[in-house]
Amino acid sequence: MTDTKLVFDPFSREFFDGPYDIYRRMREEAPVYHSEEYDFYALSRHADVAPAYRDFETYSSARGIDLATVREGKIPPHKSIIVLDPPEHRHMRRLVSKVFTPRAIAELKDMAAEQIDRFLAAVDPDGFDMVHDFSALFPIEIISRMLGVPEDSRTQVRLWTDDLLQREVGQMEMSEVGFNAVVELARFYYGLAADRRKNPRDDMITKLTRAQIERDDDEPPTLSNMEIAMFASLLGGAGAETVAKLIGGAPVTFSRFPDQWKKLQEDRTKIPDAVEELLRFESPNQYNVRYSMKEVTLHGVTIPAGKPVFLMLGSANRDPDAFTDADTFDIDRDRSEAQNLAFGLGIHSCLGAALARMESAIALERILDFMPEFEVDIDNCTRVSMQNVAGYDHVPVKLVR
């Protein structure tokens, strides 16, 4: 126990700049943490977080996945798949899975490699920003091409996504800029879906306009333009942010653990393991918020029904009771120890996980070729202040020749 009061504030500078000391204290002192300021609960141990992700009857997504939305419960009538519980979620997930198959992902590999090569070739080896000059650029290009976003709109889609996720210190609610970004993003994808019904192309938006969905009501079996817009907004944002933050922060992690970079240099077959360890060690998504549907008691603490509950996957992935030497970055660690929760678990596990892993593996391989030896300007690295998402927005690097 420490003398200072344990305070977990997901909108604090302390959290944005690296929450792992806070997580350690939460796991040890308050595995079911209650925030007096915001009146939410938080689960931080792997043994509690993993089953909570699977238990949608107790921890519901139907009121949203961020604190402000869960507290208000104001979900728009045209819902994204991420805020659906069964049976609605089951029907939507089954439909989306039909156009997001392993074969479809495999067919994107050459295109992904081409875009990664294109953006990496444009950086200055004598000094560049791993995030702004590389990792923030290629993922949105890849997911946008997959969806069917016109080339001249791809940068704007990325900027809208950043705006809706941005949170300043102390800011729980989405800003006016963020709200406008949500509206503009939905309007953009709505228009794209309407256009693809008239002018079909070989892209995911077109496939979604043609898909048939099983429903439990009298709605038509096809997806509406707004339903497609909600899904595209989710996929475009999550697909871009995860890889951008994972690869953007990779040089920082490898500079702290140079022996692991040497392992990759000596054996490229370890790249998929390195991606998994990056996901575990510094999860781009740190938490999701659920709504307690009924009273539940854990570790002597009762969570009442009707409360926001943070599922702290970033903490669970650093839990020493689940992972040996959890705070050590080790690409050779035993993957059977515990479930890596970086992409969630259960019905809301990330649909784009395979695509993110594929992109990250290609990017890591290309970086190994491009800068076998490098230096990171640690003093000038800065982290994002975003809802759910963690990682760096500036990582200055240069090659060592």
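Everything numeric in this text was worked out from a predicted model, so none of it was measured. All residue numbers in this chain count up from 1 along the given sequence.
Minimum interatomic distance between Asn317 and Ser283 (heavy atoms only, all atoms of both residues): ND2-OG, 3.0 Å. Nearest heavy-atom pair across Pro150 and Phe188 is CD-CZ, 4.0 Å.
Annotation: Phe310 is in aromatic contact with Tyr287 [ring centroid separation under 6.0 Å]. Here the two rings, on His46 and Phe323, have centers that are under 6.0 Å apart. Within the 6.0 Å centre-distance limit, the rings of Phe11 and Tyr38 are counted as a close aromatic pair. Side-chain rings of Phe281 and Phe329 approach one another, their centers coming within less than 6.0 Å.
Side-chain atoms of Asp334 and Ser336 form a donor-acceptor pair, as typed in the model, at a separation below 3.5 Å. Side-chain contact annotation: Thr69 with Arg63, donor-acceptor N/O pair under 3.5 Å absent. The closest side-chain donor-acceptor pair between Asp330 and Thr328, if any, does not fall under 3.5 angstrom. Remark: the Glu337 side chain and the Thr324 side chain contain an N/O donor-acceptor pair separated by less than 3.5 Å.
Taking the ring centre of Tyr23 as origin, the terminal cationic atom of Arg318 falls outside the region bounded by 6.0 Å and 45° from the ring axis.
Atoms CE and CG, from Met26 and Asp21 in turn, are 13.0 Å apart once rounded to the nearest 0.5 Å. Note: Glu241 CD to Lys245 NZ = 3.5 Å, rounded to the nearest 0.5 Å.
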Taking only distance into account, with no hydrogens and no angle test, what donor-acceptor pairs under 3.5 Å do side-chain atoms of residues 390-401 form with protein atoms, sequence neighbours excluded?
unit_1 : atom_1 : unit_2 : atom_2 : d
Tyr392 : OH     : Arg383 : NH2    : 3.3
Asp393 : OD1    : Thr382 : OG1    : 2.5
His394 : ND1    : Asp129 : OD2    : 2.8
Arg401 : NH2    : Asp126 : OD1    : 3.0

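Electrostatic pairing of Lys263 and Asp273 does not count as a salt bridge here, judged by no charged N lying under 4.0 Å from a carboxylate O.
The ring-ring contact (aromatic ring centres under 6.0 Å, His included) test applied to Phe370 returns no partner, not counting sequence neighbours. In this structure, Arg45 has no salt bridge (charged side-chain N to carboxylate O under 4.0 Å, His left out) partners at least two apart in sequence or on a different chain. For the salt bridge (charged side-chain N to carboxylate O under 4.0 Å, His left out) test, residues two or more places apart in sequence or in another chain that qualify with Glu277 are Arg280, Arg333, Arg335. Listed by chain and number, the residues in a salt bridge (charged side-chain N to carboxylate O under 4.0 Å, His left out) with Arg118 are Glu141 (sequence neighbours excluded).
Counting only residues at least two apart or on different chains, the salt bridge (charged side-chain N to carboxylate O under 4.0 Å, His left out) pairs with a member in residues 105-116 are Arg103-Glu107.
Within 6.0 Å of atom CZ in Phe254, more than 12 heavy atoms from other residues, nucleotides or ligands are found, so the atom counts as buried in its surroundings.
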